[in-house]
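To keep things clear, I will list the structure first and then write my remarks on it.
In this text, all values refer to a predicted model and were calculated from it rather than measured experimentally. Below, each value reflects all heavy atoms present in this structure, side chains not excepted, and no hydrogens, waters or symmetry copies.
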Amino acid sequence: MSENQPLCALVFLTSLFCSACSHGTRFVHSAALDVDGRYNIKWGFDESTITFEVEVETRGYIGFGLSPTGAMSSSDIVIGGVLSGSPYLLDYYTDSNRKVHKDALQSYQLLYGRENDTHTVLAFSRNLQTCDDNDKVITGSTVRVIWAFHAEDVGVSGPVYHGTNRGRKSLRLLNPGTSSIIPAGTAFFDLQNEEVPVPHKDTTYWCQIFKFPELKKKHHIIRIEPMIQKSHENLVHHILLYQCDSDLNKSEINRGHECYHPNMPDSFFTCETVLFAWAIGGEGFTYPPHVGMSIGTSIDPVYVQMEIHFDNPSLQRGIVDSSGLRLYYSPSLRRYDAGVIETGVWVSLYHMLPPGMQDYITEGHCTQECLQESLDSEMPSGIHVFAVLLHAHLAGRAIRARHFRQQVELQPLASDDQFDFNFQEFQPLSQERIILPGDSLITECRYNTKGRMNMTWGGLSTRDEMCLSYLLYYPRVNLARCESLPEITGQLKFIGVKEIHEPVTTWPFVIKSPKKYSNLSFTEAMDKYKWTRKRGKAFNDIVRKLSMNVRCSKIGQDEWSMQGVIISPPELKSEQTSAAVVACRNVSEIQCGRSLALLLTACLLLILQTCLHL
């Protein structure tokens, strides 16, 4: 017997003893996993452990799992319930064929369970890293939570098939979150659809331009929250709020239109900078107590565009939606104005992804030169980043906002190894990060284009791609975009292009030679090239080393002097890890000891509290 087995056994026995009195767990997050509100979860976490409470409208078993894709296969699952008054919980996993197996290592710990005439409640916990190959490591990335339930409890032969009582939802389980508490009586205004008819098709993006209220003096927006029409919780998949140019066509205000449509009014294309993002399963966003979004002054947003993604896979007809956003604002000013900087790859056709690629990497640079010039002029002491939105489209699989100082890599500002296009929101940072003049940032995006036959282009449509990080920071400076774009010449040279027609009078421009590409646009030539995985990998390696065009723009149409300068990608040093990697065995010993101490402390406190009330 290992010297740690008695210790861990004591932890287990202590947990059983405490299960009846452990209702004091602090759950900081909650979510309804189904549209009817029959399956609800709460959760909280610390540096090593996560605890869930699940409440479901059933007297049978409850299934809860973590999936790599949202499907049943290769998932980490727990199944439990209350049978004859006694709660039970078992740790399972599924193989690639979706077959359910009982896990030899039971990593989930039952805390308590109860049921009444209609509902079952289970609470359980586990380590974020269990060191079990059949469990999913829980990180700050997006998690596809899968759920199921049945009217019957688990029998001798295992759980009965759940039928249609199942679903999935993307959540960020380790999101530090923001407080929803604001002063009573805080004024608000709504940006809201007015009975928009949702088309009879799978996916619709609906855009509308609004004008912020006219104020006689400066105010701060301190919280933004979604207003989802009742019973439309699964219809409205995400809402984005963009800042628009102040000189747009005023006749297009309050007019709704399908986004990215060929007939979309020109003013809609001026709305580029993301101010806020919410996605299904997400919560509202409250600014830190010392920061607010300024409105009411000459340099503040006046016009905004709200984009709503409707998801209608069952092709329902006759749906009318009036969802939107509520913005709380106050004349009591915070110390700092918040700003948003768009970093990553400059949105352009010069950002291109070959078809058939399992793993294609794009890098967008917010260069040392741009941050040096802008911050030296505006804020030499640096800016403080407090939230990040990582943004890509349907081919996106993972994104990192990397941070460098003197060419040495620091911890990422934010990362998501399980990116889900339908779950995009600002990630509050657990600790604010300072960006100094001379720092540099790289937004790194990983894509999968395996199912595509043609090139994927940088652009606004969801079938196009983006690679962006939006940084929420303070104090606000006059820097709106800090991006890069690989030069087109080297990309065309890869497929054998020798000469283009000049002067350039059409867009996309036309190729002159060689003959096989003659009179084709460069996009047509790229599509004509016979791509293979090997060629795609070689193209990727070359593009990441090409000279790049710097975008370093101010708010509005003005630019810093670095705008349009051609530079080579910097030579950067990856982060050096001096500490040795701790083996899972040692991690387990440490976590086991911590669990014992935490459980004993919690139980003693609860027993003392109970005795005081006797």
Side-chain angles (χ1 to χ4, degrees), residues 27 29-36 38-45 49-58 60-82 87-111 113 120-155 158-175 234 280-281 416-420 422-423:
F27 299 112
H29 296 287
S30 63
L33 299 193
D34 69 317
V35 68
D36 299 317
R38 300 177 67 190
Y39 197 119
N40 297 276
I41 66 168
K42 300 176 184 177
W43 72 96
F45 58 90
T49 309
I50 188 165
T51 302
F52 298 94
E53 183 184 87
V54 181
E55 180 177 4
V56 184
E57 189 179 324
T58 184
Y61 77 72
I62 295 170
F64 176 88
L66 310 176
S67 165
T69 63
M72 186 73 172
S73 60
S74 305
S75 295
D76 174 13
I77 299 170
V78 286
I79 299 175
V82 178
Y88 63 92
L89 187 80
L90 291 171
D91 186 356
Y92 293 87
Y93 68 93
T94 57
D95 58 29
S96 58
N97 295 317
R98 300 185 298 174
K99 187 176 180 181
V100 178
H101 304 271
K102 186 177 178 180
D103 200 331
L105 182 60
Q106 294 287 301
S107 304
Y108 289 78
Q109 185 178 72
L110 175 65
L111 300 178
T120 298
V121 175
L122 290 177
F124 49 90
S125 65
R126 55 156 279 188
N127 290 328
L128 303 178
Q129 165 61 282
T130 66
C131 300
D132 178 358
D133 291 340
N134 296 319
D135 292 342
K136 302 300 177 193
V137 179
I138 298 176
T139 68
S141 296
T142 299
V143 177
R144 275 79 167 175
V145 173
I146 58 175
W147 58 268
F149 62 90
H150 196 277
E152 298 178 16
D153 279 294
V154 176
V160 181
Y161 180 61
H162 46 66
T164 59
N165 295 322
R166 63 180 181 181
R168 56 156 284 183
K169 192 164 196 169
S170 288
L171 297 171
R172 194 166 288 111
L173 294 175
L174 302 190
N175 187 345
N234 276 10
I280 188 169
D416 192 343
D417 295 330
Q418 300 292 328
F419 176 77
D420 183 349
N422 291 316
F423 184 62

>> Determine whether W43 and T51 satisfy the following criterion, side chain to side chain contact (heavy atoms under 4.5 Å, CB included), listing intermediate values before the conclusion.
In response: CA-CA 5 Å; W43 72 96; T51 302; over 6 Å; no
> side chain to side chain contact (heavy atoms under 4.5 Å, CB included) between V143 and L171: does it pass, once the steps are laid out?
Replying inline: CA-CA 5 Å; V143 177; L171 297 171; 5.5 Å; no
>> Pair N134, D91 - check side chain to side chain contact (heavy atoms under 4.5 Å, CB included), show working.
In response: CA-CA 10 Å; N134 296 319; D91 186 356; over 6 Å; no
>> Walk me through whether Q106 and L90 qualify under side chain to side chain contact (heavy atoms under 4.5 Å, CB included).
In response: CA-CA 7 Å; Q106 294 287 301; L90 291 171; 4.0 Å; yes
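Side-chain contact between I77 and M72: present, with at least one pair of heavy atoms (C-beta onward) separated by less than 4.5 Å. Using a 4.5 Å cut-off on side-chain heavy atoms (C-beta onward), S74 and S67 make no contact. Looking at heavy atoms from C-beta onward, K42 lies out of side-chain contact with H29 at the 4.5 angstrom threshold. At a threshold of 4.5 Å between non-hydrogen side-chain atoms, the residues D103 and D132 count as touching. Side chains of E53 and L122 form no contact here, defined as non-hydrogen atoms less than 4.5 Å apart. Looking only at side-chain heavy atoms (C-beta outward), Y108 and L89 come within less than 4.5 Å of each other.
With hydrogens and angles ignored, the 3.5 Å screen pairs no side-chain donor or acceptor of T120 with any backbone N or O of G81.
Applying the salt bridge (charged side-chain N to carboxylate O under 4.0 Å, His left out) definition to pairs two or more places apart or across chains, those involving residues 67-77 are D76-R126.
For Y39, the side-chain contact (heavy atoms from CB on, under 4.5 Å) partners two or more places apart in sequence, or in a different chain, are L33, D34, I41, V54, V56, I62, F64, W147, F149. Under the salt bridge (Lys or Arg N to Asp or Glu O under 4.0 Å) criterion, D416 pairs with R172, not counting sequence neighbours. In terms of the side chain to side chain donor-acceptor pair (under 3.5 Å) criterion, residue partners of D135 (sequence neighbours excluded) are, by chain and number, S107, T130. Listed by chain and number, the residues in a side-chain contact (heavy atoms from CB on, under 4.5 Å) with L174 are F45, I50, L128, I138 (sequence neighbours excluded). Annotation: side chain to side chain donor-acceptor pair (under 3.5 Å) contacts of H150 (sequence neighbours excluded): none. In this structure, the side chain to side chain donor-acceptor pair (under 3.5 Å) partners of D420, at least two apart in sequence or on a different chain, are R168, S170. By the salt bridge (Lys or Arg N to Asp or Glu O under 4.0 Å) test, R166 pairs with no residue at all, sequence neighbours left out. Taking the side-chain contact (heavy atoms from CB on, under 4.5 Å) definition, one finds that V154 meets it with Y61, I79, Y88, Y92, P159, sequence neighbours left out. Qualifying side-chain contact (heavy atoms from CB on, under 4.5 Å) partners for N97, counting only residues two or more places apart in sequence or in other chains: D95.
Here the closest heavy-atom approach between residue P68 and residue K136 is recorded as CD-CE, 3.9 Å. The two residues I146 and S75 have their closest heavy-atom pair at CD1-OG, 3.7 Å.
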